[in-house]
Structure formats: structure tokens, C-alpha cells
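Every chain is numbered from 1, with letters handed out A, B, ... down the list of sequences. Side-chain atoms are counted along with the backbone in the values below, which use heavy atoms only and exclude waters and symmetry mates. Everything numeric in this text was worked out from a predicted model, so none of it was measured.
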Amino acid sequence: MDVSYILDDLNDAQRQAVTAESQRLLVLAGAGSGKTKVLVHRIAWMIKALNSSTHSVLAVTFTNKAANEMTSRIEQILSQPIPEIWCGTFHSISNRILRRHHVQADLEKDFSILDSDDQLRIIKRIVKRLEIDEDQWPADKVRWQINKWKDDGLRPNKIEDKGDFNIEILKKIYIDYENYMRSENLLDFAELILKSYELIRDNQDLRNLYHKKFKNILIDEFQDTNSIQFSWIKNFTGDGSNITAVGDDDQSIYGWRGAKIENINSFSKEKRTQIIRLEQNYRSTGNILNAANAVIGKNSNRLGKKLWTADSKGDPIHVFEAYSEQEEANFIVDTVVRATEDGDYYKDTAVLYRSNAQSRVIEEFLLRQNIPYIIYGGVRFYERLEIKNVISYLRLVINNNDNNALERAISVPTRGIGQKTLAELRRIADESGLSLFSAAKKVIEEKIFKGKGLNSLTSFINFIEDCSEKLYELPAHEFVEMIINQSGLIDHHMKEKGEKGKIRIENINELISAVKSFAIIHKNDDLSEFDSLIAAFLSSVSLDMGETQANKTDDAVQLMTLHSAKGLEFKTVLIVGMEESLFPHARSVESINELEEERRLCYVGITRARKKLFLTYTEYRRLYGRDSYNPPSRFITEIPDDHIEFIRPKQSFSSGYYGTVAKNKDKIQTLEYALGDNVVHSTFGEGVVLNIEGDGDSSRIQVSFHEVGTKWLVSAYANLKRI
DNA sequence: CCCGATACTTTTTTT
DNA sequence: AAGTATCGGG
């Protein structure tokens with residue numbers, strides 16, 4: 001069969017990467033150079049041209065989204081479904097292995113996975129129980145340390161306290177935490193990876209099995225791997241297997257959560273590692289790319305890569321200095337309006353910022369002009385309070401001994417079982433070595449409590465037991481519906497005032513449909529690793545927290561942080577708030593490593609743009625309830641002048657350390673208006689020119705609009721017509 | 001148990 | 001500024 005079609009449509013470097021026979025391959029893929037394409041085509045090539053079995057492939061990603069996209073693209077190329085391929089996140093593949101070999105891993109079959117919220121709650125309780133000073137060892141710090149240890153592959157017995165009192169305490173908590181997790185049959189995210197790593201490392205049979213199976217191992221976003229993930233990969237690599245790592249050291253922006261950029265370096269230095277660079281960019285114009293290259297060029301210790309494009313230079317990069325964040329937001333609105341007038345969709349434009357708090361003002365202005373927008377980030381579906389509540393009930397019904405679930409379920413909605421009753425129940429459970437559920441039954445049988453407490457407890461326990469009986473009788477979604485109605489959760493949210501309760505109930509109903517569609521999607525799958533469909537659903541929920549926002553509007557301006565923009569592209573990109581202290585963030589400027597990560601973040605932001613790039617900063621901004629005057633970001637000055645066009649140049653009155661960025665004054669285009677002119681704006685309507693600011697050639701113009709009041713506009717961008 | 005007052009924090013986020 | 005955590009009173 002002719003398989004050359006897989007190689008059509010690839011450039012030389014891409015083709016080399018797809019067909020490379022080396023056992024160790026590192027593909028350094030610059031932004032927009034076809035990274036996913038290479039990965040997907042390489043897998044297709046292995047299967048079609050080299051006759052590798054789909055079972056021999058292990059493809060690892062960081063997000064479910066990436067894994068799903070990869071699978072469906074491979075299926076598309078092969079024109080056949082490949083449900084048996086192991087393509088998933090580090091966590092989901094670890095989960096799969098641990099469920100499959102739970103006996104060897106010394107786990108119960110039905111272990112549950114905790115999210116970091118639950119993890120925190122547990123640590124809090126342990127710290128309290130050990131009577132450790134919570135002010136000196138706050139739970140979130142302890143959690144961070146425990147996760148760091150796990151990410152470094154360290155069990156408590158490998159931690160030396162060297163007489164350090166602080167570490168001694170932390171280690172004590174770590175040990176207690178591990179014991180608790182084991183007794184409760186719980187795994188946290190870090191544990192999934194560490195445990196599966198240890199399992200394969202220490203079990204000769206399994207190691208042989210997987211070495212034989214996984215002949216083709218591929219890792220996406222390799223620059224984001226942490227220590228344990230790197231070891232985890234190595235663990236699966238036998239003599240006959242080959243590894244393909246794809247990544248970009250210049251896009252490493254998750255160092256702060258443990259990603260080790262060094263992994264790329266050390267992999268590249270291993271003998272026999274072949275390195276292929278993908279340097280042709282298919283996304284951005286010449287100006288955008290050169291700007292990106294110039295900025296990232298200021299970093300040290302790069303593996304080195306120079307992106308180029310066959311595209312023309314395109315528009316210059318526009319830099320806009322606003323007086324305030326309001327004016328900045330106004331400029332964003334103007335830019336969006338102009339783009340749509342040129343025929344763009346709203347969704348072609350993205351606004352990127354360093355921190356979430358910056359979105360507020362922008363939202364306000366977009367809302368006021370009735371421009372649809374969508375914000376990425378924030379609370380995800382399965383993290384919502386009301387959803388977590390329902391999930392707790394499901395967990396408790398499936399596993400009565402899930403103390404964590406019981407603690408949450410028993411107190412929402414309130415049912416006359418308060419902290420005092422609960423504390424007493426915990427004490428009894430601790431004393432008798434029973435789970436909370438069993439302790440509650442004991443309390444009821446032996447009538448240890450009396451009056452209201454006993455009644456409430458009895459009806460709660462009865463309810464859970466009734467549900468357990470119906471677990472196998474009802475279709476999954478009806479079962480969930482029953483729990484929701486009979487638990488009192490709906491009534492509880494009905495009582496909430498305002499829109500809040502309504503939204504919560506809507507979300508809960510959405511959960512029912514999620515269960516329904518889960519049942520449909522997996523109706524042909526082998527779910528023998530689970531006792532019930534609900535159990536399978538819960539396991540998938542903890543590894544895929546769901547989209548941040550349902551697709552309310554299809555065509556909307558995209559608002560997100562620079563971090564969440566990684567991997568995406570837009571025709572027009574605005575990077576806003578480009579000021580020292582904001583971007584680079586004040587907390588990052590002290591250390592070179594952190595500053596360089598900020599710079600990579602800037603590189604990521606710039607390379608998101610296909611055609612147009614706008615950078616904006618303000619002279620004045622209210623930050624944390626305070627007035628702040630920060631100089632423009634150093635990253636702006638790192639872009640060569642001749643790629644930039646400054647809109648409304650103005651001597652910044654706080655232009656201190658980094659010099660003024662207002663250069664190229666002569667390039668500004670302005671339009672002539674006179675005070676009192678009647679003008680019309682495409683969205684604001686008709687108005688009168690009140691004020692013109694600027695020396696000679698005005699660059700800003702104040703207009704009193706009949707409909708929307710007085711506004712300052714940039715004349716070059718205001719798109720006003722005289723009437 | 002719910003409420004309001006008060007103190008405190010404030011970068012980025014996936015699993 | 002604004003959100004969250006904690007505590008004490010009703």
C-alpha cells in the first residue's frame with residue numbers, strides 16, 4: 001500500500017522528524033512550526049509504514065484536550081478508529097495502569113482520586129490532629145512541600161531532616177498523610193504518577209511486559225515535564241523501544257509548578273539522541289516573528305532556534321500607551337470594533353494579560369458596548385461547589401467508607417448535624433478504628449447519641465443505604481437525579497437568594513446530562529475495571545475537570561491569561577498591561593530564572609498572533625486598591641524599533657529606568673479635527689469634539705457622544721467621520 | 001446555624 | 001478594591 005500520502009504536505013524538517021529512525025529523538029519545535037502535526041504524522045507513519053501495532057504506542061500529553069485532539073487527528077489520517085491506542089495524560093495513563101495492576105500496586109480496586117482541594121482539607125485535619133501550630137505550618141504550604149517531595153520521587157524514608165526542626169515536622173505530617181491516604185484508599189495527583197512509577201520500577205514482570213509492549217513512546221510538551229514524569233517515561237523505555245520527545249525550551253512557562261527545563265537539556269545530551277529543529281513558522285507575519293525572536297534572544301541558556309517565515313513582513317506591531325486602564329480598555333474596544341468592520345469575527349481577536357484581575361475593566365468596557373466576549377480560566381465545571389457536593393453523595397453511596405465524601409455530604413445541606421456531633425463521630429471512629437459511616441451505624445445501634453442528633457444521623461444513614469440499593473437498579477442518570485432530588489440539595493440551592501441558586505441548579509442539571517452522555521459514549525467500552533458505570537464516571541471526572549466555560553457564544557472576543565493562551569493562535573492579539581511590576585511581574589524580577597520565564601511568557605504571547613499584534617501599557621493603574629505608576633515593560637524595549645509603530649507617543653511622566661519607548665514619532669498618522677466638529681463613531685454614535693490633545697498634530701481626541709457620554713479616543717483609531 | 005464585622009492577601013494552573 | 005477566612009453574637 002502506498003503510504004507516502006502521510007509525508008505529503010510536510011516540509012523537509014517535518015518529514016525528517018516523522019520518519020527518523022533514531023531510538024532517541026528530540027524534536028525542538030518552535031511556536032507555530034507544526035509540532036502536533038509532526039507528532040500525529042509520526043505515529044501514523046509508525047503504524048502504516050513501519051507496520052507497528054497501535055498497541056505499541058504510548059503517547060503522553062499534559063491535558064486531556066491535547067490527548068483527545070491527538071487521537072482524533074491520528075484516526076483522521078488513518079481513516080479508522082483506534083480506541084486501543086494508549087494516548088493520554090500522565091495521570092490518566094498512570095490511573096489505567098494502577099487500576100489494571102491494583103493487586104501488585106497494593107491498592108484496593110476502587111481507589112478514588114482526590115483533587116487538590118480535597119487534599120488540602122485532609123492535610124488541614126491531619127495538622128490539627130497532630131496538634132501542630134497551624135500558623136507556623138499552614139496547610140497550603142504543607143501541601144506544596146508534600147507534592148514537591150512526591151514530584152521529586154521522594155518517600156518520607158528518603159527525606160533527611162538533618163536535625164532541621166521544620167523539616168522534621170513536615171516529614172511527620174507527610175508520614176501521617178500517607179498513612180491516612182492508604183487507609184482511606186485515596187490517591188492524589190502526584191501519587192498516581194509516583195505510585196505507577198514505583199510499580200513498574202520494582203516489579204520485574206510488569207516492567208518486562210511494558211517494555212515489550214511500548215515500542216514507540218512519544219511525549220508532547222516535553223519542556224513541561226517534572227522530575228518524576230521524566231523518570232516515569234524512562235521507566236517504560238526498554239532496549240527495543242524508541243522515544244520521541246517534542247517540545248520547545250523557549251515555551252517553558254511552568255517552572256513555578258515544578259516543570260524542569262533541564263529535562264530537555266539532559267535528554268538532548270544523552271548519547272544517541274538525534275535533535276531535529278522545526279524552525280519554519282506557518283503562523284505569523286515577519287514582523288511578529290522577528291519581534292518574538294528579538295525578545296527571546298535576550299535569554300541565556302537556550303538550546304537555540306531561530307524561527308523564520310516565508311510570509312511577508314505584514315503590519316508593524318502597534319504599541320499603545322494609555323493613561324489609565326480605562327483608556328486601555330477603551331482602546332481594546334476600538335480595536336475590536338475596527339477589526340469587525342474589516343470583516344473579522346469577534347473570535348479572531350484575543351486579549352491576553354498577565355494576571356486574571358486585569359480582566360475586570362476590560363469586561364466592563366466590552367459589556368458596555370455589547371461586544372460578546374468569553375473568559376478562559378476560573379472555576380471549572382467539576383470544581384464548582386454544587387457539583388462537588390453532588391459528587392460527594394455519589395462517592396459515599398458507592399463507597400460507604402469514603403470518609404471524605406461523608407464529611408462533605410453530611411453537612412450540605414445542613415441537617416442538624418453540626419461540628420460538635422461530627423467531632424464526636426470522628427472521635428468514635430478513631431477510637432474504634434471504624435470509618436465514619438460504620439461509626440455512625442454503631443452510634444445508631446447502641447444509641448450513643450440521643451434526641452435530635454440521633455434522629456438526623458439515622459435518617460442520613462438510611463438515605464445513603466437506600467441509595468446504595470438502587471445503584472444497580474436504575475439507569476445511571478436516573479440514579480443521579482434521584483440523589484439530587486432526595487438529598488435536599490435542590491431545595492438547599494432554591495433557598496439561595498439572587499441568581500446564584502438558579503445557576504447552581506442549572507449546573508446540577510447539566511451534571512445529569514453529563515452522566516447521560518458518559519453512558520452513551522462508553523456503552524461499548526470495557527469498564528470491567530469498575531463496579532458500576534457511576535464508579536467509572538467518577539474516576540473520569542477526577543482526571544478531567546471539564547471545560548472552564550460552556551460554549552455560550554460561538555463568536556466572542558477571547559480573554560485569557562498569557563499562560564492559558566499557550567498552544568492557541570488568533571488573527572489579532574492584544575497583550576495588555578505591559579508594565580514593569582505587572583509584566584514582568586514584580587515577584588519575578590529579583591531572580592534571573594524567573595525573569596527569563598516571564599520573558600518566555602512574553603514570547604509565547606507574541607507568537608500567538610497571526611496577523612496583528614498590539615501591545616498596550618498604562619501610565620497609571622489602580623492596583624490592589626492603590627495608585628501605581630509603573631514604567632513600560634522592558635519587553636517592549638527589547639523589540640527592535642523598526643518593527644513597531646507607536647500610537648499616540650507621549651513622554652511618559654514616569655519614564656525612568658528603561659527609557660521612554662515613545663520613539664518613531666514621525667510615523668504617527670493623525671486626522672484633522674477641530675473643536676466643536678460634529679462627528680460620528682461606528683459604535684458610540686454621534687457626538688461633538690470637545691478637546692484635542694497632542695503637540696500640533698493631535699493624537700488624542702475627546703468627544704462628547706449624545707448616547708454614551710464623553711470619551712477620549714485615539715484619533716488614528718477612533719474611526720470617526722465628520723458630519 | 002446564619003449573619004456581619006474584621007483582618008488579611010493579592011501571578012501564572014493541569015491533573 | 002475585592003475577595004476570602006475567621007470569629008463572635010444572635
Practice problem: Remember a base hit wins even if backbone is also touched, and classify A:Asp224 as base, sugar-phosphate or nothing at under 4.0 Å, heavy atoms. | Solution: nothing
Exercise. With heavy atoms under 4.0 Å as the rule, sort A:Tyr624 into base, sugar-phosphate or nothing.
Key: base
Exercise. Give the rounded distance in Å between these two atoms: CG of A:Asp140 and P of B:dT9.
Key: 11 Å
Quiz item: For A:Phe90, which contact category applies under a 4.0 Å heavy-atom criterion: base, sugar-phosphate, or nothing?
Solution: nothing
Quiz item: Would you call A:Asp249 and A:Arg600 a salt bridge, taking side-chain N to carboxylate O under 4.0 Å as the test?
Solution: no
Exercise. Please measure how far the C1' atom in B:dT14 lies from the corresponding atom in C:dG3, and state the result in whole Å.
Key: 24 Å
Exercise. Using a heavy-atom cut-off of under 4.0 Å over every strand shown, decide if A:Arg626 touches base, sugar-phosphate, or nothing.
Key: nothing
Quiz item: Please walk me through it: do A:Asn507 and A:Leu511 pass side chain to side chain contact (heavy atoms under 4.5 Å, CB included)?
Solution: CA-CA 6 Å; A:Asn507 285 331; A:Leu511 180 71; over 6 Å; no
Practice problem: In whole angstrom, give the distance that lies between atom CD1 of A:Ile410 and atom P of B:dC1. | Solution: 11 Å
Quiz item: Hey, does the side chain of A:Asn226 come within less than 4.0 Å of B:dT14's phosphate (OP1/OP2), counting only N and O?
Solution: no
Exercise. Assign each of A:Glu598 and A:Lys65 to its nearest nucleotide of DNA chain B by heavy atoms, then name whichever residue's nucleotide is nearer the 5' end.
Key: A:Glu598
Quiz item: Can you tell me how far P of B:dC1 sits from CG of A:Leu422, to the nearest Å?
Solution: 10 Å
Quiz item: Using the ring of each side chain (for Trp, its six-membered ring), is A:Phe222 parallel, tilted or perpendicular to A:Phe230, with breaks at 30° and 60°?
Solution: perpendicular
Quiz prompt | Base B:dT11 paired with A:Arg587 side chain (donor-acceptor, <3.5 Å) | solution = no
Quiz item: Does OP1 or OP2 of C:dA2 have a side-chain N or O of A:Arg360 closer than 4.0 Å?
Solution: yes
Exercise. Go through the steps to decide whether A:Glu596 and A:Ser300 satisfy the test side chain to side chain donor-acceptor pair (under 3.5 Å), and finish with yes or no.
Key: CA-CA 8 Å; A:Glu596 295 206 339; A:Ser300 52; 3.0 Å; yes
Quiz item: Do any side-chain nitrogens or oxygens of A:Arg380 fall under 4.0 Å of OP1 or OP2 in B:dT14?
Solution: yes
Exercise. Between A:Arg415 and A:Leu601, just flag the one whose closest nucleotide in DNA chain B comes earlier from the 5' side.
Key: A:Arg415
Practice problem: With heavy atoms under 4.0 Å as the rule, sort A:Ser116 into base, sugar-phosphate or nothing. | Solution: base
Quiz item: What is the distance from OH of A:Tyr376 to C1' of B:dT12, rounded to the nearest Å?
Solution: 18 Å
Quiz prompt | Shortest non-hydrogen separation from A:Phe381 to A:Ile387 and the atoms involved | solution = O-CG1, 3.5 Å
Self-check item: Nucleotide B:dT12, atom C1' - distance to CG of A:Leu352 in whole Å
Solution: 13 Å
Exercise. Could you tell me the separation between the OH atom of A:Tyr254 and the C1' atom of B:dT11, rounded to a whole number of Å?
Key: 12 Å
Exercise. Could you tell me whether A:Asp544 contacts a base, only the sugar-phosphate backbone, or nothing, with contacts defined as non-hydrogen atoms closer than 4.0 Å?
Key: nothing
Quiz item: Just how far, in rounded Å, is P of B:dT11 from CH2 of A:Trp144?
Solution: 16 Å
Quiz prompt | A:Arg354 vs B:dT13: side-chain N/O to OP1/OP2 distance below 4.0 Å | solution = no
Quiz item: Should the heavy atoms of other residues, nucleotides or ligands under 6.0 Å from NZ of A:Lys109 be counted, would the total exceed 12?
Solution: yes
Quiz item: Has A:Ser588 got a side-chain N or O lying under 4.0 Å from the OP1 or OP2 atom of B:dT12?
Solution: no
Quiz prompt | Among B:dT12, B:dT15, B:dT11, the nucleotide that comes nearest once only the side chain of A:Met545 is considered | solution = B:dT15
Quiz prompt | Inter-nucleotide C1' distance (B:dT12, C:dA5), Å rounded | solution = 23 Å
Practice problem: Report yes or no: is the ring centroid of A:His585 under 5.5 Å from the six-membered base ring centroid of B:dT11, with the two planes under 30 degrees? | Solution: yes
Quiz item: Is any side-chain nitrogen or oxygen of A:Ser355 closer than 4.0 Å to OP1 or OP2 of B:dT10?
Solution: no
Quiz item: Roughly how many Å is it from OH in A:Tyr382 to P in B:dT14, rounded to a whole number?
Solution: 16 Å
Quiz item: Can you say whether the rings of A:Phe214 and A:Tyr210 are parallel (under 30°), tilted (30 to 60°) or perpendicular (over 60°)?
Solution: parallel
Exercise. Return no unless some side-chain N or O of A:Asn64 is found under 4.0 Å from OP1 or OP2 of B:dT14.
Key: no
